[in-house]
Amino acid sequence: MRLKVEFTTEPFDLDEAPAHALVAREVIEAADLDAVDVGPFGNAAEGGTDAVLAAVDALLRRSLGAGATRITLQVNVISEAAREGEGA
């Protein structure tokens, strides 16, 4: 099974990326995930179940430890039909 995770960390700082956001980016970029997309207002990545769940665990623990006061995330199962449609 493949999963897609989308997340944001707060509080926001428009002047410079806060430590918790940098840690979250580091976790996601270092994980064995596909299609990683990090940005100032939202982040997403896809991968196998074990890789995504391990990354989410590390993301929550490390971002909270770095000062995040809220982490909003969504995890979706990517269906085979949706994956096949991407290649069309």
Side-chain angles (χ1 to χ4, degrees):
M1 177 178 4
R2 289 186 53 80
L3 300 175
K4 179 176 183 177
V5 60
E6 298 173 273
F7 67 91
T8 58
T9 62
E10 295 179 43
F12 295 115
D13 183 340
L14 297 178
D15 293 328
E16 84 178 63
H20 58 80
L22 297 175
V23 165
R25 179 181 299 167
E26 177 184 295
V27 167
I28 291 301
E29 290 179 340
D32 187 22
L33 300 172
D34 308 321
V36 174
D37 181 21
V38 294
F41 300 108
N43 309 282
E46 296 178 13
T49 301
D50 291 339
V52 169
L53 295 178
V56 167
D57 178 65
L59 168 76
L60 293 172
R61 293 175 187 278
R62 293 192 53 206
S63 296
L64 290 168
T69 57
R70 177 185 298 199
I71 301 169
T72 304
L73 69 94
Q74 178 173 294
V75 178
N76 293 300
V77 173
I78 301 171
S79 70
E80 285 300 317
R83 290 179 59 202
E84 290 171 7
E86 290 176 359

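Position 1 is the first residue of the sequence; numbering continues from there.
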Closest approach of Ile71 to Ala68 (non-hydrogen atoms, all atoms of both residues): CG1-CB, 4.1 Å
Residue pair Ile28 / Phe7, side-chain heavy-atom distance below 4.5 Å: yes
Are Val75 and Ile78 connected, step by step, through hydrophobic side chains (Ile, Leu, Val, Met, Phe, Trp, Tyr) whose heavy atoms are closer than 4.5 Å? no
Are any non-hydrogen side-chain atoms of Leu3 and Val56 less than 4.5 angstrom apart? no
Output for pair (Asp50 CG, Asp32 CG), nearest 0.5 Å, gives 10.5 Å
Glu26 side, atom CD; Leu59 side, atom CG - distance, nearest 0.5 Å: 11.5 Å
Nearest atoms (heavy-atom pairs only) where Gly47 meets Asp34: CA-OD2, 4.1 Å
Of all the heavy-atom pairs spanning Thr49 and Met1, show the shortest one and how long it is. OG1-O, 3.0 Å
Under the 3.5 angstrom rule, does the side chain of Asn43 hit a backbone N or O of Gly39 as a donor-acceptor pair? yes
Taking every non-hydrogen atom, the tightest pair across Ala21 and Thr9: CA-OG1, 3.8 Å
What's the verdict on side chain to side chain contact (heavy atoms under 4.5 Å, CB included) for Val5 and Glu46, showing C-alpha distance, side-chain angles and the deciding distance? CA-CA 6 Å; Val5 60; Glu46 296 178 13; over 6 Å; no
How long is the straight-line distance from CZ of Arg70 back to CG of Leu64, given to the nearest 0.5 Å? 12.5 Å
Nearest heavy-atom pair of Ala55 and Ala31: which atoms, and what distance? CB-CB, 3.9 Å
Does any non-hydrogen side-chain atom of Val52 lie less than 4.5 Å from one of Lys4? no
Between Val36 and Leu22, is there shared hydrophobic-cluster membership here, with clusters defined by ILVMFWY side-chain heavy atoms closer than 4.5 Å? no
How close do Gly42 and Thr8 get, counting heavy atoms only, and between which atoms? CA-CG2, 3.8 Å
Is a side-chain donor-acceptor pair under 3.5 Å present for Ser63 with His20? no
